[in-house]
Amino acid sequence: RVLVEAKRVTSVDTMVYNYLVRQGSITKSVDSKKRQKLLDDSLMLIDAKKELMQEVPDKRWFEGMIAHSVVSIINTIARDYYPQRKKYLDALKGKKIYPLSTYHLAPSAAKKVKLINFSPALACWLLHLKNGR
């Protein structure tokens, strides 16, 4: 939301962030209810990003962030919710976000996006196999 309201935005070629790993965090939780909430919240955030994207003339950044979210969601489905994959893949399809953008993504994420654009179900299955489940 800050980006939408900003008068000027710039970026630098340096990756800088703080990451706090906390015991009991929802992102590190093995509690299935917490993991389920995280997945459902991630799906909801795509809608918020799509809505904010309508307020800016250059939509590429938001398109890249939506693609990043989808990669994360597919990874989570493949790892933790593979038996329920159809439900989640249908939810993603219903958001009308395909084809996903590779704008501003790391090369490894861009490869996953290209596979997801080809077939989200195939990408999910391959990631599931890779995880050894």
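Counting begins at 1 with the first residue of the sequence. All values below were derived from every heavy atom in this structure, side-chain atoms included, with hydrogens, water molecules and symmetry-related copies excluded.
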So how far is it from [X] [atom1] to [Y] [atom2], rounded to the nearest 0.5 Å?
| X | Y | atom1 | atom2 | result |
| --- | --- | --- | --- | --- |
| Leu92 | Ser69 | CG | OG | 10.0 Å |
| Glu63 | Asp58 | CD | CG | 8.0 Å |
| Ile77 | Leu43 | CD1 | CG | 7.0 Å |
| Leu115 | Leu127 | CG | CG | 7.5 Å |
| Trp61 | Ser101 | CH2 | OG | 12.0 Å |
| Ile73 | Lys95 | CD1 | NZ | 8.0 Å |

(request) For atom CD of Glu51, decide whether the heavy atoms of other residues, nucleotides or ligands shown that lie under 6.0 angstrom number more than 12. (result) no
(request) Tell me, yes or no, whether the heavy-atom count around Lys111 atom NZ, taken from other residues, nucleotides or ligands under 6.0 Å, exceeds 12. (result) no
(message) With a 4.5 Å cut-off on side-chain heavy-atom distances among I, L, V, M, F, W and Y, is there a chain of contacts connecting Met44 to Leu89?
(response) no
(message) Under 4.5 Å between side-chain heavy atoms, counting indirect links through other Ile/Leu/Val/Met/Phe/Trp/Tyr residues: same cluster for Leu38 and Leu45 or not?
(response) no
(request) Using the ring of Tyr88 (Phe, Tyr or Trp, six-membered ring only), decide whether Arg85 places NZ or CZ under 6.0 Å from its centre and within 45 degrees of its axis. (result) no
(message) Quick one: does any side-chain atom of Tyr81 pair with a main-chain N or O of Gln36 as donor and acceptor, under 3.5 Å?
(response) yes
(message) Test your reading of the model: is there a side-chain donor-acceptor pair from Lys49 to the backbone of Ile66, 3.5 Å cut-off?
(response) no
(request) Quick one: closest heavy-atom pair of Leu105 and Ala110, and the distance? (result) CB-N, 4.2 Å
(message) Restricting to non-hydrogen atoms, name the atom on Ile116 and the atom on Ala123 that form the minimum distance, rounded to 0.1 Å.
(response) CG1-CB, 3.7 Å
(message) Taking the side chain as everything from C-beta on, heavy atoms only, tell me whether Leu100 gets closer than 4.5 Å to Tyr98.
(response) yes
(request) Please step through side chain to side chain contact (heavy atoms under 4.5 Å, CB included) for the pair Leu52 and Glu55, ending with a clear verdict. (result) CA-CA 6 Å; Leu52 286 169; Glu55 299 177 26; 4.0 Å; yes
